[in-house]
Structure formats: C-alpha cells, structure tokens
Amino acid sequence: MADEALFLLLHNEMVSGVYKSAEQGEMENGRCITKLENMGFRVGQGLIERFTKDTARFKDELDIMKFICKDFWTTVFKKQIDNLRTNHQGIYVLQDNKFRLLTQMSAGKQYLEHASKYLAFTCGLIRGGLSNLGIKSIVTAEVSSMPACKFQVMIQKL
Amino acid sequence: MRLGPLKAVPTAVWKINQWALEDENVFPWLAGTWQVLHLKCSGLVFLTGAHRVESHHFICCHPLLQNYPLYIRSIPTENELKFHYMVHTSLDVVDEKISAMGKALVDQRELYLGLLYPTEDYKVYGYVTNSKVKFVMVVDSSNTALRDNEIRSMFRKLHNSYTDVMCNPFYNPGDRIQSRAFDGMVTSMMIQVC
C-alpha cells in the first residue's frame, strides 16, 4: 500500500537528512541518535493521544504495554509485536522478528553497525507514547541479526 | 446540605498553596490568589444565591506536571475566581474516582467520569483522557436541557479538539493551550449551551 511506503521513505530520508546535516558540521555526530530519538518522542506523544481517544481506560501497566504491542504497532508498522516478555518488575522486552524499518536492508550482519540509526526514532516513539500515558521509561534497542530486533523498555518508578 | 464541596476545601487550598510555593514560576498568579480564595470560601463561594446566569467553565490540566491548568475559560467573566476555585477543588474528586475505577470491568472504564458533585447552583462534571489530562466542566444546574448525554458529547468534542492540539507540531505538550481552533470550538460550545 502506498501509505506504508511513504512512511518508510520519509523515515529513510529523515535519517539520512539528520546525518547529512551532521556531516556539514551543524552538530556533532553523536547527537544524531539523540535528535532522532527526540523526534520520535514528540511523534509518539501525538500518536498515542490520537490512538487512545476511543479506547477504554487502561487497567495497569501491562495493559498499556499490550496496547503498544498490538494496536500501536499494527497502526504504525502494519504488524504486531511477535513476542512480549516481562519480569514483572518494570522491564519489558518487545521482540519483532521482521521489523519494518529494517526490512529494506539486506538481512544478516553486513550492515549491523548502521542499524542503530534506523531504530532510534522507534525507540523515541515508544518512550513518547508511554510518557504520555503517564509512564516514564528508558527504551533501548538491540539487533543481533537483521531484520529481527528487540526493544527493551525499562520503566522508571516515580 | 453542601457538605461535599465544603469538606474538600482544606485539602484543596493546601494543595494550591503547595504548588504555589513549589512552582511560582510555572504558576505565578496562584501564589497571590489562594488566600483570597480561602477567604471567599467561608462565606461566599458555596453560599451565594445571586448567581442565576448561565455559566460554564472549562479546564484541562496535566497531572503528571503538578495539576496546573492548560486551559481555563468561563462565561460570564465576572466572578471568575469562584469558578477557578470550584474547578480546583473538584480535582480531588477526580482523583478519587479514578483510583476507584481501577478494578472495574472493561466496559465500565469509560473516560467520562460523570457528575463529580452538585452544589446548589452548579453541577461539576469530569472527564479524564488516557493520557491523564483532566477536563472539568461547571454548568448551571438550572439548565435542564443538559443531560448526561449532552455533557458526554461535549466532552468528546473537547477531547477531539485537544487531540488536534496535541498533534500540532508547534505545540509543546504541557504548555498553555493558545490554539485558535481550540478556542473557537470552546466558544461555540459555550454559546450553543447558553
């Protein structure tokens, strides 16, 4: 479908745009990830506001995580998270075996070092969504072989 | 006869005082006004009988960031402080309702909280979004045209409009809402009801 492709293309351009502006000396290279993550954060906040507009109130934290894995992921990435695990102490691992933003790259380990730039935005997306639902968190991503990846969400207790 | 709201007075005043102390930068006018509010509540706010004008009052606030108001609006504008005060007291009732709701069944976990408390002249309604933004509405209780369903649909409208504000990239979450579209929507809703 066209709208899926648009999101992928826009995201790719966004990443390369941010990195290009870094090369031209507008900011240091290390800040690119942070910048992408912050962009994701704001987008996540807006998206979750819209997506939860007509849903019932959430029961607890796990309920919210399930919403992120199912509804949120389906709307943004057209598929659900494949596996959600938790230690019931504030750590959640979301595993996606075929993550959309990585499917355009060749599978395997060849471009592994570049994967992080394509995950930063999504990390921010999750963090922003959770923060708007009242949960402070730290989100990190991990790739061992493309296009599978894991997002680890660490909830920060207030 | 007006035990409900009066009982809530001390904690609310204390809370306002707390914020004012902690956050004078965020909310400077509260520091000055809370004492006035306190004086008023003993004799004026809940016992006034002279107010038969249709009145409305809206507020949205973000509790994660200390419950400060994102948007307040009232018609008529005289006696505005009284409404501010009513709205702030009702925040405690909102919290109570939400914590009681945690155990309820799915279909009962609605965003609309219903009537928070009635006073002689006004009715206070509440609504809390999933993102924990509280909407409080005060309406004249003599207005019988406003039933639960109307109030609910007004809140839906308010929520839809708030969502649009949130999705505006030029709006920083947590700032006061200054959107003209939101303003216009609230005005039209108030005029329609009055």
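In this text the structure is predicted, and so the values were computed from the model without any measurement. To find a chain, count down the sequence lines: A is the first, B the second, and so on, and within it residues start at 1.
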Can you tell me how far CG of A:Leu133 sits from OG of B:Ser131, rounded to the nearest 0.5 angstrom?
7.0 Å
Side-chain touch B:Thr129/A:Arg57, heavy atoms, less than 4.5 angstrom
no
With side chain to side chain contact (heavy atoms under 4.5 Å, CB included) as the test, would you mind laying out the steps for B:Leu111 and A:Lys53 before giving the verdict?
CA-CA 9 Å; B:Leu111 300 180; A:Lys53 207 171 63 179; over 6 Å; no
Go through A:Asp54 and B:Arg156 one step at a time and tell me if the side chain to side chain contact (heavy atoms under 4.5 Å, CB included) criterion holds.
CA-CA 9 Å; A:Asp54 301 309; B:Arg156 298 294 311 170; 2.3 Å; yes
Path from A:Leu119 to A:Val93 over hydrophobic side-chain contacts below 4.5 Å
no
Would you tell me whether A:Glu49 and B:Thr163 have side-chain atoms, one donor and one acceptor, within less than 3.5 Å of each other?
no
Report whether A:Leu94 and A:Ile138 are members of the same hydrophobic cluster (ILVMFWY, side-chain heavy atoms less than 4.5 Å apart, transitive linking).
no
Ignoring hydrogens and angles, tell me if any N or O in the side chain of B:Asn130 forms a donor-acceptor pair with the backbone of A:Thr52 under 3.5 Å.
yes
Could you pull out every donor-acceptor pair under 3.5 Å between side chains of residues 38-47 of chain A and any protein atom, sequence neighbours left out?
from	atom 1	to	atom 2	distance (Å)
A:Asn38	ND2	A:Thr34	O	3.4
A:Arg42	NE	B:Tyr171	O	3.4
A:Arg42	NH1	B:Met166	O	3.2
A:Arg42	NH2	B:Met166	O	2.7
A:Arg42	NH2	B:Asn168	O	3.0
A:Arg42	NH2	B:Tyr171	O	2.9

Membership question, hydrophobic clusters at under 4.5 Å side-chain separation (ILVMFWY): are A:Leu62 and A:Ile155 in the same one?
yes
In chain order, what residues pass the salt bridge (charged side-chain N to carboxylate O under 4.0 Å, His left out) check against A:Lys70, with sequence neighbours excluded?
none
